[in-house]
There are 2 protein chains.
Amino acid sequence: MSPKRGVAPLRRAEIVRATIRCLARDGYSGLTMKKVAREAGVSQGILHYYFADKRAILVAALETVTADLDQRVAAAQSREGRDPRARLLALIAACLRLAVEERAFWIVFVEFWGEMMHDRALREINAALYARTRRLIGAVVAQGVRSGVFRRTDVLRAAAVILGLVDGVSLQLTFDPTAFRVAEATRFCSDAVMRYLAREVS
Amino acid sequence: MSPKRGVAPLRRAEIVRATIRCLARDGYSGLTMKKVAREAGVSQGILHYYFADKRAILVAALETVTADLDQRVAAAQSREGRDPRARLLALIAACLRLAVEERAFWIVFVEFWGEMMHDRALREINAALYARTRRLIGAVVAQGVRSGVFRRTDVLRAAAVILGLVDGVSLQLTFDPTAFRVAEATRFCSDAVMRYLAREVS
DNA sequence: CGAAGATAATTGGTCGCCCAATCAAAAAAG
DNA sequence: CTTTTTTGATTGGGCGACCAATTATCTTCG
């Protein structure tokens, strides 16, 4: 490795990516600076050149994973144009597929949950993501309400329900892959959400 | 501490309870044998007399937490007699209250999730709990279907939806207590489940 | 243009700490 | 006096952090 000027931000990002790979492979409790350095193909010392300590790397890793999840979910939903129903279904499908097909990201994310319980900084990064996601889902629901395809409801609470359902089912899918298939889970989650938002038949 | 004969099982249980308290206080990554011994008021050496290694203690801890959650949920639901609606609502309320009021248990449980990703034994303990809980919820739903208060549906999938919703909302409640109050969450979750299971109005 | 110094990037070794696990010996109970 | 239970010191190893030395790049100025 020959030192090049001006590549600091790239190196930083590479270290973070290596960290995420390590977390996905060996878990939170198996993460060491040595392994991260090895995975990134750099020396151990350099980790402390770019990050104050191990915790700073972990914070950066959570920020990266969080931003990535955010982007993927937003993208999946926006691809579907203006139909609120289609947007919501795409969002649900994207979340569930993520948990199975992009295992690495989802695993790392779940691993952080445990640590968040004892680390305010991590907890706040996550709380911000969830607030943003609820706002996104809420906006889609609100659009559906305005255009009359969904019933009138408190959109933020509805968003909490939908997000919770997706997370909870993703967990079940992750812990026991024999319980359901992704396609199946997508179907019954979508069905549940559509029933939940369906207009009253009066 | 004076050694008494025949108290082996009690000592074991005390060590496990101390472990759970430690996990709740300092988290998974902060758990050390020294801390557990101190919390249990015994010497470090004795931990290895009752358990092969640290991992065995953790497995026992997860089994205990799991059994406890199982029991609490089952109890809350069975207290409500025969009305499927009341039983289901009691179950939902119990789960959400647990996540907030019995923080220690819920925190420890979430902490294990991360480790389960890399530990088959832990994962299987959890998978068994979830399968059991789904069966329990499924049975309540089935009863409601038979007695005509719920629509006809695949009860195991409905159970996955209900359990997922409760877990997911519990998580949101834990990570960001400012987002919702427990009572509020209980209300909108119950509402969502009742809408989900409501008979079609034809 | 090109040497020389300053600066940025990188290395690998070292340090002290704390960990899980082990064990010989003691203490209590049968 | 044997067996079960408990102790606390020890051991070997791996950890995160630190740092002096090295290399590469940029800047300055003769």
Side-chain angles (χ1 to χ4, degrees), chain A residues 1-23 25-62 108 111-112 114-115 118-119 121-122, chain B residues 1-23 25-62 108 111-112 114-115 118-119 121-122:
Chain A
M1 281 301 129
S2 54
K4 303 245 173 72
R5 286 220 171 184
V7 297
L10 294 177
R11 269 266 183 284
R12 250 187 88 96
E14 175 50 35
I15 291 171
V16 170
R17 263 183 283 122
T19 303
I20 293 170
R21 269 178 272 136
C22 282
L23 283 171
R25 191 185 348 104
D26 302 333
Y28 202 101
S29 59
L31 187 84
T32 69
M33 299 293 267
K34 196 175 189 173
K35 283 184 188 173
V36 172
R38 215 167 161 280
E39 179 73 31
V42 295
S43 72
Q44 292 186 54
I46 207 171
L47 300 186
H48 288 91
Y49 180 76
Y50 287 108
F51 296 91
D53 53 17
K54 189 183 179 184
R55 204 174 148 278
I57 299 187
L58 285 166
V59 168
L62 178 59
V108 171
E111 273 162 2
F112 271 111
E115 299 306 309
H118 305 279
D119 189 318
L122 296 181
Chain B
M1 280 300 128
S2 55
K4 306 245 173 73
R5 288 222 170 182
V7 298
L10 295 177
R11 268 265 183 287
R12 252 187 87 96
E14 175 51 35
I15 291 171
V16 170
R17 264 183 281 123
T19 303
I20 293 169
R21 269 178 272 135
C22 282
L23 283 171
R25 190 182 352 103
D26 303 331
Y28 201 101
S29 59
L31 187 84
T32 70
M33 299 294 266
K34 196 176 189 172
K35 283 184 188 172
V36 171
R38 215 167 158 278
E39 179 74 31
V42 294
S43 71
Q44 292 185 54
I46 209 171
L47 300 186
H48 288 90
Y49 179 76
Y50 287 108
F51 296 91
D53 54 16
K54 189 183 178 183
R55 205 174 150 277
I57 299 187
L58 285 166
V59 169
L62 178 59
V108 171
E111 273 162 3
F112 272 110
E115 299 306 309
H118 305 278
D119 189 318
L122 297 180

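Just so we're on the same page: letters track the sequence lines, and every chain starts at 1.
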Output the rounded distance in Å from [atom1] ([X]) to [atom2] ([N]).
{"X": "Ile46(B)", "N": "dT4(D)", "atom1": "CD1", "atom2": "C1'", "value": "11 Å"}
{"X": "Ile15(B)", "N": "dT6(D)", "atom1": "CD1", "atom2": "P", "value": "8 Å"}
{"X": "Leu47(A)", "N": "dT11(C)", "atom1": "CG", "atom2": "C1'", "value": "12 Å"}
{"X": "Leu10(B)", "N": "dT5(D)", "atom1": "CG", "atom2": "C1'", "value": "14 Å"}

If only side-chain N and O atoms of [X] are considered, is one of them under 4.0 Å from the OP1 or OP2 phosphate oxygen of [N]?
{"X": "Tyr49(A)", "N": "dA9(C)", "result": "yes"}
{"X": "Arg11(A)", "N": "dA8(C)", "result": "no"}
{"X": "Tyr50(A)", "N": "dT10(C)", "result": "yes"}

Could you tabulate the donor-acceptor pairs under 3.5 Å formed by side-chain atoms of residues 33-43 of chain B, not counting sequence neighbours?
from: Lys35(B); atom 1: NZ; to: Asp26(B); atom 2: OD2; distance (Å): 3.3
from: Lys35(B); atom 1: NZ; to: Gly30(B); atom 2: O; distance (Å): 2.9
from: Glu39(B); atom 1: OE1; to: Arg25(B); atom 2: NH2; distance (Å): 2.4
from: Glu39(B); atom 1: OE2; to: Arg21(B); atom 2: NH1; distance (Å): 2.6

Who passes side-chain contact (heavy atoms from CB on, under 4.5 Å) against Ala13(A), sequence neighbours left out?
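If we apply the side-chain contact (heavy atoms from CB on, under 4.5 Å) test to Ala13(A), skipping adjacent residues, the hits are Arg17(A).
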
Contact state string [nucleotides 14-21 of chain C, B base, S sugar-phosphate only, - no protein heavy atom under 4.0 Å]:
-----SSB

So Phe51(A), base contact, sugar-phosphate only, or nothing? Heavy-atom distance under 4.0 Å.
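Nothing, no nucleic acid heavy atom in range.
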
Suppose we call two aromatic rings close when their centres sit under 6.0 Å apart. Are Phe112(B) and Tyr28(B) close by that rule?
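Close enough - the centres of the two rings lie under 6.0 Å apart.
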
Ignoring hydrogens and angles, tell me if any N or O in the side chain of Arg11(B) forms a donor-acceptor pair with the backbone of Tyr50(B) under 3.5 Å.
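No; judged by distance alone, with no hydrogens or angles, the pair does not exist.
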
Nearest-0.5 Å distance, CG of residue Leu62(A) to CD1 of residue Ile57(A):
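It is 14.0 Å, given to the nearest 0.5 Å.
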
Hey, does Val16(B) have a side-chain heavy atom less than 4.5 Å from the side chain of Phe51(B)?
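Counting from C-beta outward, Phe51(B) and Val16(B) do come under 4.5 Å.
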
Nearest nucleotide by nearest heavy atom, which residue falls closer to the 5' end of DNA chain D, Gly45(A) or Gly30(A)?
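On the 5' side of the pair lies Gly30(A).
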
